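Report on the structure given below.
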Amino acid sequence: MTQTPVAWLGDAEAKPAPDPLIRIQSLVNTIDLESGVDRLAHPADAAPWLQTQGVLPSGELPSPDDLRLIREVREALRAMLVHNADGPAPTAEQLRPLNRIAEAAVARVRLADDGTVSLAAGADSLEARLLSLLLVVSDAQRDGTWSQLKACGNDNCRWAFYDRSRNHGGTWCDMATCGNKLKNREFRARRSRQR
């Protein structure tokens, strides 16, 4: 049984996305692919984080089916972030969980007192709460911040990071770890081909 670390890696992001896009980054970073530690593996471990993020109502435990759906949504979002980092476009199968949410939940138009129009989930179900994440993605795609949220180019990492580099050409969550590992691996592969 995998235990959730006391201090979770994603709780102090080195390259945090702006609000509310950080909600997507935080969800994607609920698993450390290198170690296999998954914050969403067990209901009791996942509940406090999911409640803090607004994915679950306060005091509620997720069912195993709820956790499976949330993990599927997480991986669909990760596939989109891989694409943002010049990786392959997500497949229809990878996007299936997001389409399921989009088809199951309803969004409603909200009009604030100052005349600001926004979309919000129309109910308070798990699907509706996950739909609110898709609305964050939609807003970020519209305002241009979405393309800067990326997944690390290291296949063993795929940590979500917000690319604040001047040319938005960032590839790794951390140059000192993932960047150097991949550059050294590529260098060794080139040298072995030359021999």
Side-chain angles (χ1 to χ4, degrees), residues 1-82 90-110 118-141 146 149-152 156-162 173:
M1 181 169 170
T2 306
Q3 297 251 329
T4 302
V6 176
W8 184 258
L9 284 154
D11 289 342
E13 288 293 343
K15 297 179 179 181
D19 273 332
L21 195 53
I22 196 165
R23 293 182 64 206
I24 305 301
Q25 181 181 22
S26 296
L27 175 59
V28 171
N29 290 344
T30 55
I31 186 169
D32 179 358
L33 293 177
E34 290 183 300
S35 71
V37 177
D38 189 345
R39 192 175 218 171
L40 302 179
H42 307 287
D45 295 337
W49 184 85
L50 291 169
Q51 292 166 13
T52 300
Q53 295 295 313
V55 179
L56 279 181
S58 182
E60 192 172 303
L61 274 179
S63 72
D65 287 341
D66 292 343
L67 283 180
R68 184 173 53 256
L69 175 60
I70 295 165
R71 289 189 304 261
E72 288 173 354
V73 166
R74 173 185 67 195
E75 295 312 312
L77 291 167
R78 185 185 318 280
M80 294 173 70
L81 300 185
V82 166
T91 65
E93 182 58 27
Q94 288 173 311
L95 294 177
R96 185 185 52 76
L98 299 181
N99 280 315
R100 177 178 158 195
I101 296 301
E103 291 169 5
V106 176
R108 300 215 183 269
V109 175
R110 308 275 165 138
S118 64
L119 285 176
D124 193 20
S125 64
L126 176 61
E127 287 82 4
R129 288 170 179 258
L130 292 171
L131 178 67
S132 70
L133 295 176
L134 288 180
L135 295 175
V136 168
V137 172
S138 175
D139 289 345
Q141 288 172 336
W146 175 250
L149 186 58
K150 301 176 178 182
C152 180
N156 297 323
C157 177
R158 295 294 192 211
W159 195 256
F161 69 96
Y162 193 74
C173 63

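No experiment lies behind these values; they were computed from the predicted model shown. Residue numbers count from 1 along this sequence.
- At a threshold of 4.5 Å between non-hydrogen side-chain atoms, the residues I70 and Q53 do not count as touching.
- Looking at Q51, its side chain does come within 3.5 Å of a backbone N or O of E60 through a donor-acceptor pair.
- Separating the CG atom in L130 from the OG atom in S132 is a distance of 7.0 Å, to the nearest 0.5 Å.
- In this structure, A79 and P90 approach most closely via the heavy-atom pair CB-CB, 3.9 Å.
- Remark: side-chain polar atoms of R110 are not paired, donor with acceptor, to backbone N or O of S118 under 3.5 angstrom.
- A pairwise comparison of heavy atoms in S35 and D32 identifies OG-OD2, 3.1 Å as the closest pair.
- Under a 3.5 Å cut-off, the side chain of S138 and the backbone N or O of L134 do not form any donor-acceptor pair.
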Step by step, would you call L133 with L98 a side chain to side chain contact (heavy atoms under 4.5 Å, CB included)? CA-CA 10 Å; L133 295 176; L98 299 181; over 6 Å; no
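- Using a 4.5 Å heavy-atom cutoff, the side chains of I22 and Y162 are not in contact.
- At most 12 non-hydrogen atoms from other residues, nucleotides or ligands lie less than 6.0 angstrom from CZ of R108.
- For E127 (side chain) and A104 (main-chain N/O), no donor-acceptor pair under 3.5 Å exists by modelled atom type.
- What you find for P43 and P62 is that their closest heavy atoms are CB-O, 3.4 Å.
- The shortest side-chain heavy-atom distance between N156 and L33 does not fall under the 4.5 Å cut-off.
- Distance check: L77 CG to L95 CG gives 9.0 Å after rounding to the nearest 0.5 Å.
- Side-chain N or O atoms of R158 include none that pairs as donor or acceptor with a backbone N or O of V82 at under 3.5 Å.
- A 6.0 Å sphere centred on CZ of R100 holds no more than 12 heavy atoms belonging to other residues, nucleotides or ligands.
- Considering every non-hydrogen atom in both A128 and A121, the closest pair reads O-CB, 3.1 Å.
- In this structure, the side chains of L21 and D139 stay at 4.5 Å or more apart for every pair of heavy atoms.
- With respect to the salt-bridge test (charged N to carboxylate O, under 4.0 angstrom), the residues R129 and D124 qualify.
- The two residues L56 and L61 make their nearest non-hydrogen contact at CD1-C, 4.2 Å.
- Partner R71 forms a side chain to side chain contact (heavy atoms under 4.5 Å, CB included) with one of L40, D66, T30 and no other, that one being L40.
- In this structure a side-chain-to-backbone donor-acceptor pair under 3.5 Å is present from Q25 to A160.
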The test is side chain to side chain contact (heavy atoms under 4.5 Å, CB included); show your working for L50 and L67 and say whether it passes. CA-CA 10 Å; L50 291 169; L67 283 180; 3.9 Å; yes
Quick one, V137 with M80, criterion side chain to side chain contact (heavy atoms under 4.5 Å, CB included). Give me CA distance, side-chain angles, the key distance, then yes/no. CA-CA 10 Å; V137 172; M80 294 173 70; 4.1 Å; yes
Would you please test W49 and L27 for side chain to side chain contact (heavy atoms under 4.5 Å, CB included) and show each step? CA-CA 10 Å; W49 184 85; L27 175 59; 4.0 Å; yes
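- The shortest distance between side-chain heavy atoms of I31 and W159 does not fall below 4.5 Å.
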